[in-house]
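Report on one structure; see the data block that follows.
Throughout, numbering of the chain's residues begins at 1 and tracks the sequence. Numbering of ligands and ligand atoms starts at 1, following listing order.
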Amino acid sequence: MEKEQTKKAKGKVSEKMANSKFHSLFVDNLKDIYWAEKHLVKELPKMSASATSNVLKECIDDHLEETKEHVSRLEKAFEHLGLEPEAKKCEAMAGLVKEAHELIDETQDDSMVRDCGIILAAQKVEHYEIATYGSLAAWAQKMKHNNVAKLLLSTLEEEKNVDEKLTEIADDDVNEQGAEE
Ligand code: FE
Ligand code: FE
């Protein structure tokens, strides 16, 4: 499989780069986050549907649209590297999403405590993405994949923004009402 990648990458990425261990670790992690983003496109609507407060629902719905864009940015990144987009199961994201489902199951419908839990789960997801895009953008810059770095940095910015938005929602609305229930 590695050989096939190298072949496809020819022309876009120098042969030396395509064969480097750093580059193949980079591509491997792009596949991981690609799987994670596609998984989130399926899962965010469930989180939004389970949320009680409209402001949290809206925040998740808006981020779903951004997440679809994250998927297509990654497809563009693969294209820049001369590769077919390929997803590799991200066990970490699968686990974080499973945890979100558990939080939802363990809390009551239409409760603000459930929203507190959804925010916790969502912020864990965002922090995973922030860590991933932060490192991958730095690696892309190091390898002079400048177009790819630009794409990854755009997504990183959106992940950071939604993380801040979730903190605001927790501070302004949800935590206090959750504490009163
Ligand atoms: Fe994302
Ligand atoms: Fe995100």
### Query
From E66, does some N, O or S atom reach closer than 2.8 Å to the Fe ion (ligand 1)?
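False for E66.
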### Task
Examine all N, O or S atoms of E159, backbone included, and report whether one is under 2.8 Å from the Fe ion (ligand 1).
yes
### Message
If you apply the rule salt bridge (Lys or Arg N to Asp or Glu O under 4.0 Å), what do you find for E168 with K165, and how did you get there?
### Response
CA-CA 5 Å; E168 265 172 44; K165 183 86 203 289; 6.0 Å; no
### Query
Can you name the N/O/S atom of E129 that is nearest the Fe ion (ligand 2)?
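Going through the N, O and S atoms of E129 one by one, OE1 ends up nearest to the Fe ion (ligand 2).
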### Message
Need the atom name: nearest N/O/S atom of E126 to the Fe ion (ligand 2).
### Response
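Result for E126 and the Fe ion (ligand 2): OE1.
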Are the charged groups of [X] and [Y] less than 4.0 angstrom apart, N to O?
| X | Y | answer |
| --- | --- | --- |
| E65 | K68 | yes |
| K98 | E102 | yes |
| E158 | R73 | yes |

#### Entry: Side chain S111, main chain T107, donor-acceptor under 3.5 Å
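A pair under 3.5 Å: no.
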### Query
Has H63 got an N/O/S atom less than 2.8 Å from the Fe ion (ligand 2)?
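Checking the Fe ion (ligand 2) against H63, an N, O or S atom does fall under 2.8 Å.
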### Query
At the Fe ion (ligand 1), what is the angle formed between atom ND1 of H70 and atom OE1 of E37, rounded to the nearest 10°?
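Nearest ten degrees: 100°.
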